[in-house]
Amino acid sequence: MTMVFVETDPAGEVTLTSAEALTFARKTPQLLPDGGAATSREVSGPPSGSTEGVVIGPLSGAAIAALGRLGVSVIHHLDHPDLAEYSAAAWAQAIVDVAPESGTLLASGTPRGMELMAHAAVRTGARMAANVMAADEDGLLRQVHGGTAFERLRLDGDLQVLTIAGHACTPEETTPVTPEVYDYDLTVAEADLATRAQSTEVEAADDAAGLTSARAVVGAGRGVGSENGFAEVLELVDHLGGALGVSRVVTGLGWRPHAEQVGQTGSRISPDVYIACGISGAIQHMAGIEGAKTLVAINTDEEATMVQRADYAIIGDLHEVVGAVNEEIVRRRG
Ligand SMILES: Cc1cc2nc3c(=O)[nH]c(=O)nc-3n(C[C@H](O)[C@H](O)[C@H](O)COP(=O)(O)OP(=O)(O)OC[C@H]3O[C@@H](n4cnc5c(N)ncnc54)[C@H](O)[C@@H]3O)c2cc1C
């Protein structure tokens, strides 16, 4: 059985990186060293399924439904007043309490996922590998040195603990299931609360980015390349007097704030024109731009859904194309 620690954002949504980790777990049967044989837990719980999720703290109906769409059949819901604020030791112990004795325990490779899995590995005595990209019959492949090198490794023991490198796979939904939710009567040891977060500050969720009222929105996706890749699109936003809208990959990577996200879990917009730069056109993104009157795509891939759905498409590198458009605007405006 593979159990995934699921992170939720302040709005209670399953985070993009957790959706990646869940997809990875579902699509990588090699993670099951014993072929998925039955396992036991510290505290009594449900029989083991194939992919299970662990959520700590509030669990919204939207998150349950999203987890169902990601193929999670069982949700272990760990809620306790002492777990309300993040505490690595206390959260990790709660996860360990419901974790299987054999199989795989994994999380996405976020700071929280890394910290919790490290604590969990120490507490269970399991072997751990961080930043895993793939798993096959030959073992695990993980990235090292910031992704410039790869390492093959095999973990001994019945339970392996992993973190999944960001973007090791693209989140993919599957035939929805209705997850069974199990709540637990937890005990939290005082010693595990020695280090815990004092408070959490949530960014304002209003239309700070001006997205819902803008008549022109320039969209930017993973294709911009890095957090320093927004210069041309921001200049175009400026020329058009519009707003910047981004894909969830962009907010998930921390390149831009969540307030700028467009889509199912971001803003739904209806500008006169939406110019999608380096955005593939995933269904969750398209859900946010259905109201756009004219759709323009700038993409290197002519097969991208966004290109196929656009009224106008330019096939090319967005930095070159948007840069050229900006130059032309400047030239015409004198
Ligand atoms: C529960 C759930 C909710 C979600 N909610 C949202 C949501 O609200 N909003 C959202 O956006 N996503 C959402 N997603 C994520 C969604 O499924 C996609 O992963 C995401 O939209 C993809 O972002 P992207 O198009 O930027 O990246 P990718 O899919 O990686 O696409 C990048 C594109 O850039 C192009 N490209 C690369 N380099 C260049 C270049 N130099 N010039 C031009 N083009 C280039 C590529 O050809 C590709 O088409 C959600 C997913 C889940 C599971």
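Just follow the structure's listing: the first ligand is 1, and inside any ligand the first atom is 1. Computed from a prediction, not measured in an experiment: that's the story for all the values here.
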| request: Please answer: with hydrophobic residues joined when any side-chain heavy atoms are less than 4.5 Å apart, are V122 and V98 in the same cluster? | output: no
| query | Taking C-beta and beyond as the side chain, do I164 and E20 meet within less than 4.5 Å on heavy atoms? | reply | no
| Is there side-chain contact between L106 and F5, with heavy atoms separated by less than 4.5 Å? | no
| task | State if G316 counts as touching ligand 1 under the rule of any non-hydrogen atom under 4.0 Å. | result | yes
| field | Ligand-residue contact atoms, ligand 1 with Q264, heavy atoms, under 4.0 Å | value | 7 (C), 8 (O)
| Which atoms of ligand 1 are found less than 4.0 Å from any heavy atom of G266? | 8 (O)
| Just heavy atoms, cut-off under 4.0 Å: does S247 contact ligand 1 by side chain, backbone, both, or neither? | both
| N/O of R69 under 3.5 Å from N/O of ligand 1, yes or no? | no
| said: For ligand 1 and G278, I'd like to know whether there is a polar contact (N/O to N/O, distance under 3.5 Å). | reply: yes
| Side-chain heavy atoms of R196 within contact of Y86, under 4.5 Å | no
| field | Subset of ligand 1 atoms that lie under 4.0 Å from at least one heavy atom of G221 | value | 26 (O)
| Does ligand 1 have any atom sitting under 4.0 Å from a heavy atom of G288? | no
| request: Under 4.0 Å, heavy atoms only, figure out whether ligand 1 is touched by the backbone of M306, its side chain, both or neither. | output: neither
| query | In ligand 1, which numbered atoms sit nearer than 4.0 Å to a non-hydrogen atom of Q261? | reply | 7 (C), 8 (O), 9 (N)
| message | Show me which atoms of ligand 1 lie under 4.0 Å from any heavy atom of A282. | response | 16 (C), 17 (O), 18 (C), 21 (O)
| query | Taking both backbone and side-chain atoms of R222, is any N or O found less than 3.5 Å from an N or O belonging to ligand 1? | reply | yes
| field | Heavy-atom nearest option to atom 46 (C) of ligand 1, drawn from D317, N299, D301 | value | N299
| Quick one: does V262 get within less than 4.0 Å of ligand 1, heavy atoms only? | yes
| query | Taking the side chain as C-beta and beyond, is there a heavy-atom pair between V72 and V177 under 4.5 Å? | reply | no
| said: Regarding atom 12 (N) of ligand 1: of the candidates H319, M286, H258, R248, which has the closest heavy atom? | reply: R248
| Quick one: are L116 and I95 in side-chain contact, heavy atoms under 4.5 Å? | yes
